[in-house]
Amino acid sequence: MNTDTQYLHEVAESDYEHGWSTDIVSDTIPKGLNEDVIRLISSKKNDPDWMLENRLRAFRHWEKLAADTDKYPRWAHLQYPEINFDEISYYSAPGSKPRYESLDEVDPELIKTFEALGIPLEEQKVLAGVAVDAVIDSVSVATTFKEELAKLGIIFCSFTEAIENHGDLVRKHMGSVVPHTDNFYAALNAAVFSDGSFCYIPPGVRCPMELSTYFRINQAGTGQFERTLIVAEEGSYVSYLEGCTAPRRDEHQLHAAVVEIIAHKDAEVKYSTIQNWYPGDNEGKGGVFNFVTKRGICEGTGSKISWTQLETGSAITWKYPSVILKGDHSIGEFYSVAFTKGRQQADTGTKMLHIGRNTSSSIISKGISAGRSNNSYRGLVRINKGAENARNFTQCDSMLLGDRCGAHTFPYLEIQNPTAQVEHEATTSKVGEDQMFYCQQRGISEQDAIKLLVSGFCQEILAKLPMEFAVEARKLLAIELEGSVG
Amino acid sequence: MKSILEIRGLKASVEDMPILRGIDLTVNAGEVHAIMGPNGSGKSTLASVLAGNEDYEVDGGTVEYLGKDLLEMDVDERAREGVFLAFQYPIELPGVSTMNFLKQAVNSVREHRGQKPLGAAELLRLAKEKAALIELDTRLKQRSVNQGFSGGEKKRNEIFQLAMLEPTLAILDETDSGLDIDALRSVANGVNLLRTQERGFLIITHYQRLLNYIVPDFVHVIAGGRIVRSGDKELALELEKRGYDWVQEELAA
Ligand SMILES: Nc1ncnc2c1ncn2[C@@H]1O[C@H](COP(=O)(O)OP(=O)(O)O)[C@@H](O)[C@H]1O
Ligand SMILES: [Mg+2]
C-alpha cells in the first residue's frame, strides 16, 4: 500500500516534542576531563574525602581504558562517531534561583505540551524549571513529600544530600552492584557523577507512594552523569519511576548514568523508566548518546527486582538493565518497549544472572522500528553451576514500520546447570495490511489505525507500568507515532 | 424511493485475474438484497471492492453511493459515509482493546456526521444496549478485538459493530457460515431489528438457510462474475432445491 508507506515515512520523520531548552543562568565548568576537573567537581559537591578518593580511583581506571582504543566497548550493533571526551563539560548547575516561582508564570505553550503528554502537575513544574525536585543537568533541586516519607523511615533525596546526611549507607552500597571497573561508562560515571537520587526503604516498610525522579539535560555542551541508588531492606517494597527529556541541540550530548538496586530478603523493587531524550533530527544531527548501566541484585531469599522501560528517545541507546539473582527463590523481570524512528539506534536488553537456587526470570521485549532506524535486542541469560532449578522465559517481538528500518535480536544463553528450564520465543512482524484494512473499514483513519495497532503490540508491557505512568507512556507513544500529518 | 447504491457494469480483478465481469445492481433505502452463488463466483470480491480493499483492481464500471462516486473514496471515508462490511473472516487485533477500538470507530463516524464524540460512560451504555440486541457475551468486550474468539463469536462481534456504527449500507459477507442454529437465530434476529426504512442491506450467503430468518426483498445469483438471475425469496428456495449447477447449466445452454 503506497499511502501506508508514505504515512510511515512521515511518522518516522515527525518532530521531537521536548526540544525546548530553559534559559536558566547556570554555573558550567570548562570542557575537558583531567584530574583537576575531578577535583573541581568534588569540591563543588563538597565531597567527603572518601568520595574524592573513589572518584580519583575511577578516573585513573577510566584513563587507562580511554588510552587503549581496544578497551572501548564496540560490540553493540550501533554506529556513531568517536566521542571526544575533551569536548564535553562535566558539570553544570542551574543558578541559585529557579526561573519561575509558580506554574502561572510559565509559557502557556509549554504547559500545553505537558498536557498533551499527560505529565502530572508536579512533573510539569519540574520540567518548566519551577523550584522542585528534579535533576536538571547535574544538580538535584529539592524533594517533595520528603517529610511524609521520613515518618516511615524512608529516605528519598538527592545523591548529594545522601552523601552529606547518610554517608555510611551510601559508602556501604555505592559501587557494590556496578563497580567502577564494570565498564567504560560506569568508570566515567563514577569519576564525574554530580548528582542523582538515593532511596532507602527500611525493613518491613511498604512505600505508600510511587517515588519519581525526572532527569533533564538542559545546558548546551554538557554531559549528564547521574547515579541512582536504591536499597530495599528485608520485606520492604518500593515502586520507582524515572523520566527523562532533553532539549533539541545540534551537537550530540552524552548521558552516562548508573543505577544500582539492592533488594534484601523478601524485598521487592519495581523500577519503571520512560526515556525520551532528544533523538536528533531525521538526518541524524544532534541527539543524546545514552550509555547507561542499570543493575540490581536480588541479595536475599525471595527478593524480586522488576525493570519496565519505554524507550523512545536518544540518538544512541546502549542500555541493559540487569538482575543478579543471588538469593534463593529470587525473581528478576525485564519488560521493555523500544521505539526507534528517524536515524535512531537502540541496542538494549538485559542480563539475568542466576546464582541462587529456584530462581526465575522473565524477559519480554517489544521493539518497534520506523524510518531508517535500527533496533536491537541483546540479552544474556546465564545459569550458574549452583543455580538448581532455574527458570527463564524470554520473548522478543519486533515490529517493522516501513521497509528502511532494521530489527535485530542477539540472545545469549549460558547454561551450566542441567536442571535449568529455559524458553525463548521471537517474532518479527509488519503492521498487517489486513489489520489496517479492518480498522479503516470501521472509519478509523490510517494514522489512528497505526497507533492503535502499535499500542496493541506493546499493550502487554504498558500494562505493567504504574497507572499514571502508563497513561503518560501511551500518550508519548501516540505523539511519537503522530507523524507530521494531523 | 431513495437509492443508496447503484452499481453499473462493475468489473474488477485480483492479481490480473478478472473476477467481476460486469455487475449491475441497485439497492434502495429499506431494502434487503441477498447475493447468492457458488464458491469462487466473486461474492467476496464484490464486497471487498465496495469497501475499498486495494488488493482488488477496478477495471471498469461505476458505483454511486448516495449520489457520490464511491470508488473515489478512501476506505475509512467510505466507512464514515456509512458503508459497513461484516467480514467473512474477521481480523484479530492483538492487544487492541475492543472498547478502545469501538470508541475510535464510533467517534470517527460521529465526528464525520457532525455529532459530538461519545465519552467512555456513554459508549459503555451504548455497547451494553447493542450487545444485548444480538446476545453477545459481554465478556467478549473486555478482550482484544477478535483475539481468541471462536468463529461464531467473531461473526456476532461483526454484527455488534454494525449495530454500534449504524451504517446506511450494511454488507454481510457469509455471516451465517460457521454459526450453529442458535447463533444463527440470534444474529438474524439482531439483523432484523436493525432493518430500518433508511438502511440498505447486501447479504452475501452461500446457503438459503439464513434467508429463512432474514427474509430478503430481492435475491441475486452470481456466477462467473456476473449476476445471472434475480428474483424474490422464491429464487433462493428454488436454488436450494436444484443446486447451483442448475443456474450454471442454464447459463451454458
Ligand atoms: N486476494 C486474492 N488473491 C488471489 N485470488 C483471489 C483473492 N480473492 C479472491 N480471489 C479469487 O477470486 C475468485 C473469487 O473469489 P471470492 O470473491 O472470494 O469468491 P466467493 O466469495 O464467491 O466464494 C476465486 O477464484 C478466488 O480464488
Ligand atoms: Mg466469499
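On a predicted model such as this, the values are computed, not experimentally measured, just so you know. Residue numbers start from 1 in every chain, and the chains themselves are labelled A, B, ... in the order their sequence lines are given, proteins ahead of strands. All values below were derived from every heavy atom in this structure, side-chain atoms included, with hydrogens, water molecules and symmetry-related copies excluded.
Taking A:Thr312 as the reference, A:Asn276, A:Leu310, A:Phe339, A:Leu476, A:Leu477, A:Glu480 meet the side chain to side chain contact (heavy atoms under 4.5 Å, CB included) condition, with sequence neighbours excluded.
A donor-acceptor distance shorter than 3.5 angstrom exists from the side chain of A:Gln435 to the backbone of B:Glu92, with no hydrogens or angles considered. Not a single donor-acceptor pair under 3.5 Å links the side chain of A:Gln441 to the backbone N or O of B:Ala51.
Shortest non-hydrogen contact noted between B:Asp76 and A:Ile444 is CB-O, 3.5 Å. Here the closest heavy-atom approach between residue B:Arg80 and residue A:Ser445 is recorded as NH1-N, 4.0 Å. Residues B:Gly52 and A:Phe437 share a closest heavy-atom pair of C-CE1, 3.9 Å. Heavy-atom minimum distance, B:Ser108 versus A:Gly443: CB-O, 3.1 Å.
Residue contact with chain B, scored on non-hydrogen atoms closer than 4.5 Å, is absent for A:Cys458. Residue contact with chain A, scored on non-hydrogen atoms closer than 4.5 Å, involves the backbone and the side chain of B:Phe101 alike. Looking at B:Val109, the atoms closer than 4.5 Å to chain A (heavy atoms on both sides) all sit in the side chain, from C-beta outward.
Other residues, nucleotides and ligands contribute over 12 non-hydrogen atoms within 6.0 Å of the CG atom of B:Asp69. A 6.0 Å sphere centred on CZ of B:Arg110 holds more than 12 heavy atoms belonging to other residues, nucleotides or ligands. Around OH of B:Tyr89, the count of heavy atoms belonging to other residues, nucleotides or ligands within 6.0 Å does not exceed 12. Within 6.0 Å of atom CD in B:Glu57, 12 or fewer heavy atoms from other residues, nucleotides or ligands are found, so the atom counts as exposed in its surroundings. Counting non-hydrogen atoms of other residues, nucleotides and ligands closer than 6.0 Å to CD of B:Glu122 gives a total above 12.
Between the CE atom of A:Met436 and the CD1 atom of B:Ile91 there is a distance of 13.0 Å, given to the nearest 0.5 Å. Here CD of A:Glu433 is found 8.0 Å from CD of B:Glu54. Values are rounded to the nearest 0.5 Å.
Contact count versus chain A (heavy atoms, under 4.5 Å) is highest, among B:Asn107, B:Leu93, B:Val106, for B:Leu93.
Using a 4.5 Å heavy-atom cut-off against chain A, the contacting residues of residues 147-169 of chain B are B:Glu158, B:Gln161, B:Leu165.
A donor atom on one side chain and an acceptor atom on the other are found under 3.5 Å apart for A:Tyr438 and B:Asn146.
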